[in-house]
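I have placed the structure first, in the form of structure tokens, so that the comments after it can refer back to it.
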There are 2 protein chains.
Amino acid sequence: MGRRGRVAPSQRVRMADVAEAAGVSRATVSRVLSHDPAVVEATAAVVREAIERLGYRPNRAAQALMGASRTLGVIFGEPPDRASALLLRGINEAATSKGYALTVAIATDAGGEELRRGLNTMVEQSAAAVMVLPATRLNADVLAAADVPFPIISTTDLGPGSPCSVAALDELGAVDAVVGHLQEIGRNRILHIGARHETLVSQFRRGGWQARVDEADLFEMADEWSARGGYEALHRAVARGARPDAVFAASDEMALGAMSAAGELGLRVPEDLAVAGFGGLPVTEFYGPGLTTVATAPQERGALAFEECMRRLSEPDSPPAHRLLEGELVMRPSTVPAGGSPGVSGL
Amino acid sequence: MGRRGRVAPSQRVRMADVAEAAGVSRATVSRVLSHDPAVVEATAAVVREAIERLGYRPNRAAQALMGASRTLGVIFGEPPDRASALLLRGINEAATSKGYALTVAIATDAGGEELRRGLNTMVEQSAAAVMVLPATRLNADVLAAADVPFPIISTTDLGPGSPCSVAALDELGAVDAVVGHLQEIGRNRILHIGARHETLVSQFRRGGWQARVDEADLFEMADEWSARGGYEALHRAVARGARPDAVFAASDEMALGAMSAAGELGLRVPEDLAVAGFGGLPVTEFYGPGLTTVATAPQERGALAFEECMRRLSEPDSPPAHRLLEGELVMRPSTVPAGGSPGVSGL
DNA sequence: CTGTTAGCGCTTTCAA
DNA sequence: TTGAAAGCGCTAACAG
């Protein structure tokens, strides 16, 4: 057959097949699929039966070509840790239940080039909205300047003036709770171990600590956002003469490394050195004697971000919202000796 | 405008806009985009300039409607741990560089219902191929029976006879290396702590251990795949009279919990109780005295899975391949006292 | 080497 | 309440 522009039709069951099987037109099948109340129940039942029998699945690409797409984008800017996996899970659960599919991209570079590419991918995929976990300030600027046809929801606080919605942890409040706790138990030489100074979370954690602490010699930059980074940082700080009575590490893993270094330095935790981290996944109960930390609810953050997507989509003209989730201080023996009363307290 | 079937054209720059700006036809733009050598360089340059200037991004939905789609699916069946995040990163890196976008779904239930839904999502998204991390045997059966228009690549070993390609860790070999190591250092009462018996990885780890160990009283089922699970399991095992001289835990976190329990029971690690885990992320260096484990290279596994996708796509008629990655035994003080010679040895 | 044109699978007017 | 037909943005077959 020499017809021009001929394209091999796919093997897949199409709407036309369903229509034929049900003895109706394609338009009617389409209406049944979108729960159009105009279709009389008897007809709808026949159509649904045919859909079921033939195993018909609509082609999203064709749907997206017409109107609103049912795809949401997720761009990861955080390191590939467990929290990011949980965040994805939170988003997925909510999205699946509402019939949305998820497309992902990863953008961990500081410069924003990967983020730009990620956003382009989302445009190409006709995403209806995109959730982003921007890593750095530059990334945040890329978001603000992005020329994209969908709303952006950031799961890191971008501060006021950003055109993006925010569904994030109240970082400053959470840090304040940990550092405040260390001060309440009588520590006044609180060393902060940070890393990757260019990232937004690093800046938040350091900023929250700075707001409560004066001594400039009590900051130590770790090489990496990891246990080894925390381990080496504490060793370095002590070697250069810092004499902390507490450590606030920017991540739980760094805190774990710091506790290991403390052991080598002959410092007892918590008697000589109270140690607190940030993150709060269940495993931290077994970090050292049990690590004091802040639970950051990544899964809830994901659900919140999705909710904000839906809100922006249903009220296209509403301004971007700024929704913050409270962290939860978890007190454990690394700051409160077993004799004390460890436990959990809301902020 | 009373034209029938009217649909609001999108605001986005379309191929037609580029064509007009460049003074060529849409077909030529399309050819430039797909690097068709038939287009003379001068024309191509003009087109590329117009694309750049207008900020044109092709609409994937429209592309997918025609021929091969540039979307790959990833279905997670593993718990949301760091390894799964790394696996995604490995896939993403390879996929991005080849111009593929990624769609994700999550299917962690044992029954396979979520997996079926996930596969449906991938059909709807016109995925060209799908990578799956199936959790359970039932999930594997769903995969085998799936009626889908794309090749499936499993990142868990499905054994022979499966219609899916496999790009996975050599689980049995890796377990054999750990348990063999424990035997080589003279341990012969090796307790295995497992969990979630319905999952394939649990079965592999238990099977590998069983192949080397006789005593039936040396298996203890943990409630969860976590540090707390390992902690409680060791306590239970000792309480019921098991007298292990070593522990092989099915995950690093369970091993961490077991070491904590060992401390409470007055057992020194490794003198009284050697402890080994499974997973091998860097943080395990700071689990207890340093945890012996197996590195499972999740990122490499992701890259391998992607490679296998490409192979299946370029050779549609070739049979599914079975590609296994070797684990790497990492010996640390939890089995080899500091006096010994800890280090890394390939399998 | 480039343009014309048909049609991918779907939704949406408009008419009946 | 349902059907006919147009067209979403793109690719590919064919003609020139």
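Worth knowing before you read on, the calculation uses all heavy atoms, side chains too, and leaves out hydrogens, waters and symmetry mates. Within every chain, numbering begins at 1; the chains are lettered A, B, ... in the order of the sequence lines, protein sequences first and strands thereafter.
Closest contact between the side chain of Arg31(A) and the listed nucleotides dG7(D), dT4(C), dT13(C) involves dT13(C). In this structure, of dT11(D), dC1(C), dG9(C), it is dG9(C) that holds the atom nearest to the side chain of Asn59(A). Nearest nucleotide to the Met66(B) side chain, out of dT2(D), dT11(D), dG9(C): dT11(D). When distances are taken from the side chain of Val24(B) to each of dT2(D), dG3(C), dG9(C), the shortest belongs to dG3(C). Listed nucleotides: dG3(C), dG9(C), dG3(D). Nearest to the side chain of Ala27(A): dG3(D). Of the candidates dG9(C), dT12(C), dC10(D), the closest approach to any side-chain atom of Arg14(A) belongs to dG9(C). Taking the side chain of Tyr56(B) as heavy atoms from C-beta on, and the options dC10(D), dT2(C), dG9(C), the nearest nucleotide is dC10(D).
Separating the CG atom of Leu65(A) from the C1' atom of dT11(D) is a distance of 13 Å, rounded to the nearest angstrom. Distance CG (Asp36(A)) to P (dT12(C)): 10 Å, rounded to an integer number of Å.
In this structure a side-chain-to-backbone donor-acceptor pair under 3.5 Å is missing from Asn120(B) to Glu124(B). A donor-acceptor pair is defined here as one N or O able to donate and one able to accept, closer than 3.5 Å; no such pair exists between the side chain of Arg53(A) and the backbone of Val18(A).
Contacts of Ser34(B) with the nucleic acid, taken as non-hydrogen atoms under 4.0 Å apart, are absent.
For Arg60(A) and dG9(C), a side-chain-to-base donor-acceptor distance below 3.5 Å is absent, hydrogens and geometry of angles not being considered.
Other residues, nucleotides and ligands contribute over 12 non-hydrogen atoms within 6.0 Å of the CD atom of Glu198(B).
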